[in-house]
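Here's the structure, in structure tokens; my notes come after.
Scope of the values below: all heavy atoms of this structure, side chains included, with no hydrogens, waters or symmetry mates.
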Amino acid sequence: MTRLRFATPDGGEIFPAVRQLLLAGYSGRSEIDVDKHLAEMRALGVAVPQKVPVFHPAMTCLLTQGDRVEAIGPDTRPEVEFVLFACEGTDYVTVGNDQFDLATERHYSAQKSKSLCQKVVASTAWALSDVHGHWDQLLLELRSGDRLLQAGTVDSILTPASLVERARRQQAFDRDHGMLFSGTVPMLAPVEPDMLDFSIALRDPVLGRVIGCDFQVVDITCTVI
């Protein structure tokens with residue numbers, strides 16, 4: 001179990017206890033977009049699943065709200081995603097980074113690649129009911145410095161209700177004590193090997209607010225003590 005802390009827009013705080021972590025993949029609403037993503041991953045030498053979406057279980061101890069992601073080796077890559085969880089009977093959304101190891105995914109499996117990397121989540125969350133009426137207008141972004149690497153509205157991803165229901169059927173998702181990463185939006189530019197500092201954001205243009213956080217990827221095999 002991992003306990004996290006989030007600020008809410010009303011000035012309060014919530015402290016969810018996460019007992020289950022699931023990472024969605026190939027979770028686009030459009031079959032065309034999903035097929036395109038499958039083709040992109042095949043081109044990278046990654047084996048793709050026969051059935052989509054997929055939900056990878058991960059250890060909750062990988063969750064962090066710190067400003068660094070510890071990685072093994074130089075082959076990890078970030079992905080911005082919205083993140084769903086519940087606390088005291090209320091459903092919430094925040095933003096997170098599903099860091100994965102591309103080399104491991106190529107040679108072994110997505111499950112192993114995702115289990116090698118910490119998962120950053122922001123320290124602010126919104127009640128899902130506050131954004132339900134304009135959900136599809138929310139925007140996800142990943143940047144490194146002033147370079148925009150990913151950007152897209154969440155209407156390219158399955159809705160929260162659909163994601164939770166499919167995760168419940170496929171992986172017995174515990175809505176009350178689970179955390180679910182959504183899958184991601186298309187890449188606009190490649191992540192270069194020298195990019196180590198990143199920022200992620202979930203933007204709400206209707207209410208004029210944003211959830212974001214910055215983090216640095218640290219290859220612990222290069223750390224000098």
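Using a distance-only test at 3.5 Å, with no hydrogens or angles considered, no donor-acceptor pair links the side chain of T76 to the main chain of Q99. Counting only distance, with no hydrogens or angles, the side chain of S144 and the backbone of R147 share no donor-acceptor pair below 3.5 Å. Remark: the backbone N or O of F82 is paired with a side-chain donor or acceptor of S182 at under 3.5 angstrom. Using a distance-only test at 3.5 Å, with no hydrogens or angles considered, no donor-acceptor pair links the side chain of T124 to the main chain of I211. Under a 3.5 Å cut-off, the side chain of D219 and the backbone N or O of G73 do form a donor-acceptor pair. Within the 3.5 Å criterion, the main-chain N or O of V80 finds a donor-acceptor partner in the side chain of Q150. Proximity of a side-chain donor or acceptor of R68 to a complementary backbone N or O of V217 within less than 3.5 Å is not detected.
Counting heavy atoms from C-beta outward, D67 and D214 have side chains that stay 4.5 Å or more apart. With a 4.5 Å cut-off on side-chain heavy atoms, I32 and D35 do not count as touching. Between I157 and L163 the shortest side-chain heavy-atom distance falls below 4.5 Å. The side-chain heavy atoms of L207 and W126, taken from C-beta on, include no pair separated by under 4.5 Å. C213 places a side-chain heavy atom less than 4.5 Å from the side chain of I200. Proximity of L21 to M59: side-chain heavy atoms (C-beta onward) are nowhere separated by under 4.5 Å. Here the side chains of L140 and V154 are in contact, with some heavy-atom distance below 4.5 Å. Two residues are said to be in side-chain contact when any heavy atoms from C-beta on lie closer than 4.5 Å; D101 and I72 fail this criterion.
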Query raised in the report: Stepwise, does the side-chain contact (heavy atoms from CB on, under 4.5 Å) test hold for M195 with L149?
Result: CA-CA 11 Å; M195 291 180 179; L149 302 175; 4.0 Å; yes

Query - Intermediate values then yes/no, salt bridge (Lys or Arg N to Asp or Glu O under 4.0 Å), R77 and E79 - result: CA-CA 7 Å; R77 299 290 185 273; E79 286 185 339; over 6 Å; no

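Of the options D155, D136, T159, a side chain to side chain donor-acceptor pair (under 3.5 Å) to R29 is made by D136 and by none of the others. When each of L84, L202, L4, V83 is paired with T94, the side-chain contact (heavy atoms from CB on, under 4.5 Å) condition holds for V83 and for no other.
At most 12 non-hydrogen atoms from other residues, nucleotides or ligands lie less than 6.0 angstrom from NE2 of H132. Counting heavy atoms of neighbouring residues, nucleotides and ligands inside a 6.0 Å radius, atom CD of E88 does not exceed 12 of them. The neighbour count for R5 CZ, taken as heavy atoms of other residues, nucleotides or ligands under 6.0 Å away, does not exceed 12.
Rounded to the nearest 0.5 angstrom, D174 CG and Q20 CD are separated by 6.0 Å. Interatomic distance, Q171 CD to L23 CG, rounded to the nearest 0.5 Å: 10.5 Å.
Each of M179 and V95 belongs to its own hydrophobic cluster when Ile, Leu, Val, Met, Phe, Trp and Tyr are linked at side-chain heavy-atom distances under 4.5 angstrom. Linking Ile, Leu, Val, Met, Phe, Trp and Tyr residues whenever their side-chain heavy atoms come within less than 4.5 Å leaves V185 and V52 in two separate clusters.
Note on ring orientation: taking the six-membered ring where Trp is involved, the planes of F85 and Y92 are parallel (angle under 30°, cut-offs 30° and 60°).
A donor and an acceptor atom, one from each side chain of S123 and Q65, are nowhere located under 3.5 Å apart.
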